[in-house]
Every structure is written in structure tokens, then in C-alpha cells.
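Remarks on the structure that follows.
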Protein chains: 2
Amino acid sequence: MAKKLKDTRLNKMPRTAKNTQTKYQKVEAIIRQRLIDNLWRPGNMLPSEIQLATELKVSQGTVRKALNDMVSENLLFRRQGLGTFVSEHTERRALFLYFSIVGNDGSHILPESNILSCEEKLVSPLERSKLELNVGEMVVQFRRIRYFNNISTIVETITLPLEHFPGFGTEMEPPNNLFRFYQSAYGITVSKAEEHLKAVIASPEEATILNIKPGLPMLEIDRIARMLDGRPVEWRVSHCDTRNYKYISERG
Amino acid sequence: MAKKLKDTRLNKMPRTAKNTQTKYQKVEAIIRQRLIDNLWRPGNMLPSEIQLATELKVSQGTVRKALNDMVSENLLFRRQGLGTFVSEHTERRALFLYFSIVGNDGSHILPESNILSCEEKLVSPLERSKLELNVGEMVVQFRRIRYFNNISTIVETITLPLEHFPGFGTEMEPPNNLFRFYQSAYGITVSKAEEHLKAVIASPEEATILNIKPGLPMLEIDRIARMLDGRPVEWRVSHCDTRNYKYISERG
DNA sequence: CAGTGGTCTAGACCACGCG
DNA sequence: GCGTGGTCTAGACCACTGG
């Protein structure tokens, strides 16, 4: 790692067949790298467009395009009259961006959670492929129940690469909003996730845990969350009782 | 309807508290209306940015911003050196934009389909609320099975407001790609959809139709599709056997 | 080659938030 | 009032497409 580091000033080489990256893409890459390096932390204000333009020797419009692209990726947000800021994993963000379960009436509620178990172990072949790890690496795995209005509705199994989360779960109880915790405690920002959904049957164990009938249909959400550089950072399998809740998704 | 129609030339009134719409938003509204009116049809090329800018008395940059916004809504697409075009509901679009079921290995296949039944009837209260219709309006409702590689996997119930689809299903068999048919035969472009997912149990009837065991868990996809002006135009409930297939969704 | 969209610049003015 | 982002303009040049 750490190849090509002295790119602070953009080269003036014309864009040819061998060099398809535009100026605003270079600006974007520089800013993205600064986020990865935690040079600007979540909640911080970035330098103004003018300052960035001056520093990087491009016009304000070019900086603007780069920033706008990152805003539409939800990495940054802007407030007119104030400035441009690094996004944080707030409650609101967790609720509307990374949590797709709502009540039958459409109401958004972030459920409470309760840890059932937590262990460190050697990565299994399936976990290796899901988290793109090497043989012999360690993971932390824990299960938890999630409650809406004190009614247990979801059981989750969460697997993390121990490399990125030293001491996770042993030094303190993981909180309800995990993404915010990853960000504040480990400097890891989840910026994307892929969810795979299936319908399954509640196992006897799940039925006991959730206090429902075994054989009840459950919505399975199998999700890989990725950090800013695109590497997987969490594998989560959630089984959700969808009698009173539903998963929502927009298309188009 | 048809208030405020003579807005072809943009007014020069300064943007105040009572007038928050910017120039590019006005340009966007004009172009969107032309799409709704089928003035430019799917697949057609729009006038060049320069032409639009001249016609609407704004600069090329303003037109560009309006067009780019609509490109990111998938209403238009651009090809450098050629022009800007109205999006069509092609196979590819159906497959990647409005069909979220893929194989367990991630492969995209558009299933074949087979109509089971089709009827016109008075709208029910539930259908009224789903499709935002009035009491006494008529709908067309039909069921179909969908096959992946000749294996029946999905059973769908589709409800359409008859008002927008005169003669639907009676004059000819609805084809596999419905959205393309809505567009080519009725001038109706689906531009957005909201999907609500739950896990349910296969009913005895569904089990018979799909040749599976009753009681098998099925993924229910309850979807409202909307046309360019935002009005609902199709209600579809799909029950999918997810043993060999899965629903995918990106977040962030 | 001419025409299209794509990038980049420079500068003007507006709307907003805060002191 | 001042600094921020937001809008708008005008013009230059590049890259791609098709004839």
C-alpha cells in the first residue's frame, strides 16, 4: 500500500487514452483518501470550495463537481451558508439509509437490541468468502435479538474481522447502533451494503428465542457492509418476523 | 388541471421566498412535461443542449444541469458524440432496474411467463387505496406464473386501472415484458416503484400452481409502480420461491 | 469533417447562517 | 457584514460519433 502518495498537486498531463481520469475525479480521489485516512473526521467541516480549489490548483467548479458527486454517495453533506461536512452515522442515517424494516403502517422505528452471545474464533470457509479474509484469520461473532416496542422481532448473527475490531465485545458491550460505534471507536465508516433476501422457516431455536411458533415464515436478510475503500467489514444475517413489519425498497 | 401553461419562455422574476424554483428546475419541469405529453417518445433524441438553451433562453450550463438530473433519475440517457435520448423499457432495463430477483450465484435472468387468468372488475377498497382510484372505477386483474429455465418459481397477481389500459388483456395476450408494453401500446412510462417485502407461507392454491409443497416459505413482493407524473399505474403482488433465487438490494 | 456531449475555467450574483 | 454554498452565465477546449 501507499503507492502514489505525492499527488497533492494535480498533474497537468492532458487526458489521453492512457489517462482517462478527469480533474474532478482526481480531486474526488484525493478527498476520498483523506476520509479513509481520517484526516477529516465524521461531523467535521471541510475547507471551503475556494480553499480546496486554491490548494489543488483547480477552479471552484471542479471542486464543486467532485464534492457534489460525494454528496450523492452520502459521504458528505452540505448546508448552505455553513459549509460541507463529513457524514456521520447518526440515528437518522441508520434508520433511513441502512435499516429497511418499517411497521405495516410505514412508521420508522429503530429497534432496541440485546446481545445473546459473543465469541472470537477462527474464520470458517463461508465467512472467509463473505468477508474476503485469508485462511487462519480471526473473526468476532455475536448474536442479538432486536425489539420493537419490547416485542422481539429480529434475531441477528453478526460476524466481524477481528483485525479491524481489536477487543470488540470483550472490553465493552456493543451498543445498539453498531455503525456509529464502528465509526467512533474504530474509525471505520460503513459506506455501502448489499442485501440478499430470502424467505425461510424459523428454526426451533429461533422460535424459542423470539417466542414464536416454530415453522413461522421469516424474512432472511443477508448483508455485507463495506467501508470507504470498498472492503467488506461486517457480515450480518437477520431473520425477521414480518407479521407486523415489512422490508421496503425503492426502484427506478 | 392545465393551470400555468404558457411557461414556454422562462420568466425573469428573481427567486424570492415565494418563488423557490430555480431556472434549471423550471427547465427540468418543462422537459418532464414534454415526456409526459409524449412529445418526445422513448428512444427519440432530444434537441441538443445548445438548441434547448436557445429555445428556453437560458445558458447551456443550465440546460445541462436539468438534463443531468433527469439522467440520474433514469428518464434520459446520454451518449457522447450522439446526443441525449429518452429512456426505453428495454430488456436490460427491466432486468437491472425493475427486477431484483437473481440466482443464488448472482446471475441475472428474466423469467418467461404464462397468464393464468384475466378479468375486468369493479375496484375493491384495498385496490382503491393501493392505486389511488375512486369508488366505482374499473380495474383489470390477472395472474401469471413466471418460470426460470422452465421451472415455475413466481406467481404474480397484477392489477391495473382500466382507465389507462383500455382493452387490456381482451384484445391480445399481455407479453412478458409488461413495462415495455405499457410504454409502446399505451404511452405510459413506469419511472419509479416502491416494493414492500414480507415472508409468507405458500397457500394450497399457490402450491398446486407452482408444484411445490404447501407451507413452503415464500418471499412476497408487494409493489406499486408509478408513471412519470407520480400516479400509481400498477399494483403487483409476487410470491417467489426463494430456494434457488434471491432478492437483491443495494444500500448506501 | 461537423455536431454532439464532457470538462474546465472565471466571474457574477443570490440565499443562507451566524455573529 | 461576512463567509459559505447555490445558481447562472459565457466561452474555451476535449473526446466521441457518424458520414
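Numbers restart at 1 for each chain; the letters A, B, ... are given by sequence-line order, proteins then strands. Every value quoted in this text rests on a predicted model; they were computed, and no experiment measured them. What you see below is based on every heavy atom in this structure, not just the backbone, and it leaves out hydrogens, waters and symmetry mates.
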Among C:dG6, C:dT4, C:dT7, the one nearest B:S48 by side-chain distance: C:dT4
Base D:dG6 to side chain A:R64, donor-acceptor N/O within 3.5 Å cut-off: yes
Nearest-nucleotide comparison on DNA chain C, the residue closer to the 5′ end among B:G83 and A:S59: B:G83
Proximal nucleotide (of D:dG5, C:dT7, C:dC8) relative to the A:Q80 side chain: D:dG5
Heavy-atom side-chain contact between A:L76 and A:L35 under 4.5 Å: yes
Protein-nucleotide distance (A:E49, atom CD; C:dC14, atom C1'), rounded to Å: 14 Å
Closest to side chain of A:T62, choosing from D:dT7, C:dT9, D:dG5: C:dT9
Minimum-distance nucleotide to A:Q51 side chain [options: D:dT7, D:dT4, D:dT9]: D:dT4
A:R79, nearest nucleotide to its side chain (from D:dT9, C:dA10, C:dC18): C:dC18
B:L82 CG - C:dG6 C1' separation (whole Å): 14 Å
Test: B:K130 and B:E234 ion pair at under 4.0 Å: no
Atom pair distance, as rounded to whole Å: CD in A:Q60 and C1' in D:dT7: 11 Å
Phosphate-side-chain proximity, B:R78 and C:dG6, N/O vs OP1/OP2 below 4.0 Å: yes
Residue-phosphate contact under 4.0 Å: A:Y24 side-chain N/O, C:dC8 OP1/OP2: no
Cationic N near anionic O, under 4.0 Å, B:R146 to B:E156: yes
Aromatic A:F96 / basic A:R92 pairing, under 6.0 angstrom, 45° off normal: yes
B:L56 CG - D:dC8 C1' separation (whole Å): 15 Å
N or O in side chain of A:T84 less than 4.0 angstrom from D:dT4 OP1/OP2: no
Exercise: do A:R251 and A:S249 side chains pair donor with acceptor under 3.5 Å: yes
Between D:dA12 (C1') and B:I50 (CD1): distance, integer Å: 12 Å
B:K23 side chain, from C-beta outward: closest of D:dC8, C:dC8, D:dG18: D:dC8
